[in-house]
Asker: 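Structure below; questions to follow.
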2 protein chains.
Amino acid sequence: MTVIFSKKCELGLQAVLYLSAFPKNTLFSALEISEKINAPKEFVSKILQTLTTSGIIGSKKGNSGGFFLKIDPGSVRLIDVVSAIDGLDLFRNCVLGFPGCSVDEPCPVHETWGKLRNETYTMLSNQTLAELRDITVNKINSLKK
Amino acid sequence: MTVIFSKKCELGLQAVLYLSAFPKNTLFSALEISEKINAPKEFVSKILQTLTTSGIIGSKKGNSGGFFLKIDPGSVRLIDVVSAIDGLDLFRNCVLGFPGCSVDEPCPVHETWGKLRNETYTMLSNQTLAELRDITVNKINSLKK
DNA sequence: TCTTAATCAGACAAAAAACTCTGAAACAAA
DNA sequence: TTTGTTTCAGAGTTTTTTGTCTGATTAAGA
């Protein structure tokens with residue numbers, strides 16, 4: 001089995017999207033977020049720390065502390081989160097794992113996958129959290145149970 | 001770091017492509033194949049066994065035995081190898097890991113990724129090993145060192 | 001000031017994926 | 001019939017990823 005993004009990255013994306021559904025600087029504890037995206041609190045906590053280090057979200061310690069979206073939702077793209085957690089190797093390496101895959105020595109899917117890969121990158125780069133907000137809010141609300 | 005296919009799947013694809021570069025029923029030992037695709041012999045051996053079980057390649061025991069492409073190259077597609085090793089969950093599950101991702105409750109990239117995912121599936125399904133043969137032979141030869 | 005609730009750092013544990021080893025069975029060729 | 005080379009099954013090991021625990025630090029509110 002395989003996926004595009006690691007578990008960490010999926011949860012990081014979900015967490016950031018969750019934060020983007022609320023007014024800027026609204027604080028949420030790791031516990032609240034973890035319950036909402038249905039993942040272990042400690043694990044989510046670690047991921048949020050990583051994203052704090054990379055500057056996408058901010059944190060506040062102490063009683064009634066938590067995490068918040070630090071950068072304006074109009075300036076954050078999904079690719080920024082992916083880049084912070086998984087890196088961008090996915091968009092560089094040969095999808096079949098061949099070494100030296102290039103225009104001169106292409107793998108059997110070099111051209112077709114290259115095109116799709118670029119479109120995937122574009123998909124994650126073109127829209128900001130602000131632009132995705134409506135659909136995000138809708139999805140977040142559907143997670144309530 | 002993430003990739004589309006697991007290491008097993010990448011090597012399985014490479015091995016099958018390697019076999020498809022030669023006339024049907026040509027035998028290669030696991031050692032020969034592993035050296036060509038630059039991977040551990042024992043690991044490649046295991047992967048080839050999996051593909052043998054799924055019927056894509058055949059095997060012959062004993063002295064001067066080895067593995068060979070069992071199905072006609074005109075009837076094998078890359079998706080068949082992917083399906084045999086990694087399965088097809090990649091083409092079913094939400095790329096952001098959200099539960100219940102659907103038209104009614106779409107994730108923020110449901111539509112765009114859905115389209116790209118279908119195109120990726122098509123890419124792996126449309127062409128057979130036979131149709132990819134020229135570019136495969138070229139790539140295989142470039143691996144010689 | 002004390003209690004409580006939060007982040008955070010680092011070590012730790014468990015599970016999954018990647019990779020190795022051993023020994024048995026098959027079989028070609030000497 | 002013996003020797004050498006191979007697949008193959010299953011167990012074992014290593015590494016990576018996922019997930020947990022502990023304790024220190026921070027800070028709001030009673």
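No hydrogens, no waters, no symmetry mates; every other heavy atom, side chains included, goes into these values.
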Asker: I need the CZ-P distance between A:Phe43 and C:dA15, as an integer number of Å.
Answerer: 14 Å
Asker: Grab the NZ-C1' distance between A:Lys8 and C:dA15 for me, whole Å please.
Answerer: 14 Å
Asker: Apart from A:Val103 itself, what residues make up its hydrophobic cluster, given side-chain heavy atom links below 4.5 Å?
Answerer: none
Asker: Could you give the CG-to-P distance, from B:Leu27 to C:dA26, as a whole number of Å?
Answerer: 18 Å
Asker: Take atom CD of A:Glu42 and atom P of C:dA13, then tell me their distance rounded to the nearest Å.
Answerer: 16 Å
Asker: Quick one: B:Ile47 CD1 to C:dA18 P, roughly how many Å, whole number?
Answerer: 9 Å
Asker: From CZ of B:Phe5 over to P of C:dA17, roughly how many Å is that when rounded to an integer?
Answerer: 16 Å
Asker: Round to the nearest Å and state the distance from A:Lys70 atom NZ to C:dT7 atom C1'.
Answerer: 14 Å
Asker: Tell me, please, which residues at least two apart from B:Lys7 pass salt bridge (charged side-chain N to carboxylate O under 4.0 Å, His left out).
Answerer: B:Glu10
Asker: In the hydrophobic cluster built from side-chain contacts under 4.5 Å, what are the other members alongside B:Phe68?
Answerer: B:Leu27
Asker: Measure the distance from CG on A:Asn38 to P on D:dG19 and round it to the nearest whole Å.
Answerer: 11 Å
Asker: Distance-only, no hydrogens or angles: does the B:Arg117 side chain make a donor-acceptor pair with backbone N or O of B:Cys94 under 3.5 Å?
Answerer: no
Asker: Select one nucleotide: of C:dA18, D:dT20, D:dT18, the one nearest the side-chain heavy atoms of A:Lys46.
Answerer: D:dT20
Asker: Output one line per pair: protein atom, nucleotide atom from nucleotides 4-7 of chain D, and distance, for all N/O pairs under 3.5 Å.
Answerer:
from  : atom 1 : to      : atom 2 : distance (Å)
D:dT5 : O2     : B:Asn63 : N      : 3.1
D:dT6 : O2     : B:Gly62 : N      : 3.2
D:dT7 : OP1    : B:Ala30 : N      : 2.8
D:dT7 : O3'    : B:Ser59 : OG     : 3.1

Asker: Which residues pass the salt bridge (charged side-chain N to carboxylate O under 4.0 Å, His left out) test with A:Lys115, sequence neighbours left out?
Answerer: A:Glu119
Asker: Sequence neighbours excluded, which residues qualify as salt bridge (charged side-chain N to carboxylate O under 4.0 Å, His left out) partners of A:Arg77?
Answerer: A:Asp80
